Amino acid sequence: MSSDISLEETKVPFLKHLDSSIVRSKDDHDHEEEDGGLVRRFWIESKLLWHIVGPAIFSRLASYSMLVITQAFAGHLGDLELAAISIVNNVIVGFDFGLLLGMASALETLCGQAFGAKKYHMLGVYMQRSWIVLSMCCVLLLPLYLFASPVLKLLGQTKEVSELSGLVAMWMIPLHFSFAYQFPLQRFLQSQLKTMVIAWVALVSLLVHILVSWLFVYRMQLGVIGTAATLNISWWVLVFGLYGYVICGGCPLTWTGFSMEAFSGLWEFVKLSAASGVMLCLENWYYRILILMTGNLKNAEIAIDALSICMTINGWEMMIPFAFFAGTGVRVANELGAGNGKGAKFATAVAVVTSAMIGLFFWVLIMIYHNDLALIFSSSQAVLQAVNKLSLLLAFTILLNSVQPVLSGVAVGSGWQSYVAYINLGCYYVIGVPLGFVMGWVFNQGVMGIWAGMIFGGTAVQTLILTIITVKCDWDREAKKASMHVRKWGAEAN
């Protein structure tokens, strides 16, 4: 193994120019503890973390902004068009997006650990396996788009909204299939710390989206169909931009072309992908249930308006913890793959502290400006007062969500997805949802009761459990397990 590594390093000089801390041996960490102080170690790890997190925040904000821009253009067409685009984005695409994104996160475990172990050729094989699995999943999910109209009618939507939403959903099928290729490409590049290319491609895609939206809606006057089509174009720009970088020499060690090895070991890959998908989906759907439950309250219009504003603010801020989710997963996987249990533990501590400090900053910000939060979105005095009442829960939601995604990133980097899926199921749907129902209806606390029950009964309990698991983790044992996994998957590919 050592001879293979040295040969690869002599072939590709850029490996020598990578920060020596990216993939460090266990002895390196021991020397660091002896020679360097805690502040220096924290600074080194922070640089590595932000190398991933910084571009990840930008790329996630860009992707999120595409959906917001699409809804904004649809809003200028009419209320019916806005409702159709909003429902398809939040219900159909939201369900699809969460599942496929979760399934792709299996690559953060496999590619991250393989890169740490210097099994560079395996990253390309893993990505091709992910393409195969996610493409098959897209085919299985296709009825969700083809029969969106009758499904929405069953969920209680009006005939006009359901039929227009069904038409919009049909036009978003290309967007649906783009997820199967864009998500694995992004994680493939993240795992080897090629994060700036993701940010640049996201910027180009965002600019293309703005231009095409203006062209289709205002110049060509294609209506709601043109609005939906803009997402197809901008997301496929993401796919081809990242793919072009990979095949044009951007990843000489990790991409060696298409290989039949991608078809071996698919069942094991499907199981890990499914566990990852379920883990993230249970989190993604949780807050959608909050909105659905609020919609069943008496006089729910003001409550839904206020809650939607809070969820929008939370959604924008959540791009930061989601970036830490990705960064932590990569860092932990890299260190475990290299056999550095202590390095993975320290990477976890740095990520949790950094993200928690950012969450605390936003908590203070909301507590200070709670009276003015809704002014960006509404001038209604009733809505402003309702948001003001909910601002305390929003502040604590953001604070808890600054830690919880980081711990989920640790789980992804360590390959604990199946365990966390069970934890999420129990905390969110056995404790959180019933407690929210009891607080909202039995104790007549309305939307505040529903939200408080779900955030403190579900998210807080889940965060506490993940914290205990992480603190009690035997990181040296996890490093040995990661090494065994890398050898096992590598043997199956060969």
Side-chain angles (χ1 to χ4, degrees), residues 18-57 105 107-118 123 187 189-195 320-359 402-417 420 463 466-483 485-486:
L18 287 173
D19 189 317
S20 60
S21 299
I22 288 177
V23 181
R24 294 168 287 180
S25 69
K26 186 175 179 182
D27 291 337
D28 290 334
H29 282 280
D30 293 338
H31 290 313
E32 271 188 8
E33 290 182 3
E34 293 173 3
D35 301 336
L38 181 62
V39 174
R40 180 175 175 274
R41 293 179 60 214
F42 193 96
W43 173 248
I44 292 172
E45 181 58 43
S46 293
K47 286 196 297 182
L48 294 172
L49 181 65
W50 278 101
H51 182 75
I52 305 166
V53 170
I57 291 174
S105 72
L107 282 184
E108 292 179 16
T109 305
L110 298 172
C111 286
Q113 292 183 0
F115 187 76
K118 300 186 180 181
L123 274 72
R187 273 135 195 81
L189 292 167
Q190 272 181 184
S191 297
Q192 48 193 308
L193 309 179
K194 296 180 179 293
T195 50
I320 298 174
F322 281 158
F324 274 92
F325 166 86
T328 307
V330 171
R331 288 295 304 127
V332 169
N334 285 168
E335 296 293 351
L336 290 179
N340 304 326
K342 290 180 180 178
K345 181 180 180 180
F346 191 71
T348 298
V350 171
V352 169
V353 169
T354 306
S355 186
M357 289 172 64
I358 294 172
S402 68
V403 176
Q404 183 271 331
V406 178
L407 297 176
S408 293
V410 175
V412 168
S414 306
W416 302 339
Q417 287 96 325
V420 177
T463 303
L466 290 179
T467 300
I468 293 170
I469 291 174
T470 304
V471 168
K472 293 193 172 184
C473 175
D474 185 340
W475 289 103
D476 289 332
R477 187 178 67 180
E478 292 298 322
K480 292 177 182 177
K481 284 168 59 178
S483 298
H485 289 158
V486 170

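A quick note: this is a predicted structure, and the numbers were derived from the prediction, not measured. The residues of the chain are indexed from 1 along the displayed sequence.
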On a heavy-atom basis, the closest approach of Gly413 and Leu336 is O-CD1, 4.0 Å
List the steps, then state whether side chain to side chain contact (heavy atoms under 4.5 Å, CB included) holds for Leu107 with Ser191.
CA-CA 8 Å; Leu107 282 184; Ser191 297; 5.7 Å; no
The reported gap from CG in Leu193 to CZ in Arg331 (rounded to nearest 0.5 angstrom) is 7.5 Å
Could you go through Val53 and Trp50, starting from their C-alpha distance and side-chain angles, then the distance that decides it, and tell me whether this counts as side chain to side chain contact (heavy atoms under 4.5 Å, CB included)? CA-CA 5 Å; Val53 170; Trp50 278 101; 3.7 Å; yes
TODO: Find out whether Thr470 and Trp475 are in side-chain contact, i.e. whether some heavy atom of one side chain is under 4.5 Å from a heavy atom of the other.
DONE: yes
Here the pair of heavy atoms bringing Leu49 nearest to Gly327 is CD1-C, 3.9 Å
Sorted by chain and residue number, the side chain to side chain donor-acceptor pair (under 3.5 Å) partners of Trp416 (sequence neighbours excluded) come out as Glu478
Worksheet item: Under 3.5 Å, side chain of Thr195 to main-chain N/O of Gln190, donor-acceptor pair present?
Response: no
Separation between CD (Glu45) and CZ (Phe346), nearest 0.5 Å, reads 6.5 Å
To the nearest 0.5 Å, atom CD of Glu335 lies from atom CD of Gln113 at 11.5 Å
Sequence neighbours excluded, the answer for side-chain contact (heavy atoms from CB on, under 4.5 Å) partners of Phe322 is Arg60, Met318, Met319
Exercise. Walk me through it: do Phe325 and Val412 pass the test side chain to side chain contact (heavy atoms under 4.5 Å, CB included)?
Key: CA-CA 9 Å; Phe325 166 86; Val412 168; 3.7 Å; yes
Distance-only, no hydrogens or angles: does the Ser355 side chain make a donor-acceptor pair with backbone N or O of Ala351 under 3.5 Å?
-> no
Show me, pair by pair, the donor-acceptor contacts under 3.5 angstrom made by side chains of residues 403-411, not counting sequence neighbours?
residue	atom	partner	partner atom	Å
Gln404	NE2	Glu283	OE1	3.4
Gln404	NE2	Glu283	OE2	3.0
Gln404	NE2	Ser408	OG	3.0
Gln404	NE2	Gln462	OE1	3.2
Ser408	OG	Glu283	OE2	3.3
Ser408	OG	Gln404	O	3.3

Taken to the nearest 0.5 Å, the spacing of Asp474 CG from Lys480 NZ works out to 8.0 Å
dist Ile320:CD1 -> Thr354:OG1 (nearest 0.5 Å) comes out at 12.5 Å
When rounded to the nearest 0.5 Å, the distance separating CZ of Phe324 from CD1 of Ile52 is 11.0 Å
- Message: If you apply the rule side chain to side chain contact (heavy atoms under 4.5 Å, CB included), what do you find for Ile358 with Ser402, and how did you get there?
- Response: CA-CA 7 Å; Ile358 294 172; Ser402 68; over 6 Å; no
Minimal heavy-atom distance between Val332 and Ser414, with the atoms involved, is CG1-OG, 3.6 Å
Taking every heavy atom of Ala323 against every heavy atom of Ile57, the minimum-distance pair comes out as CB-CG1, 3.3 Å
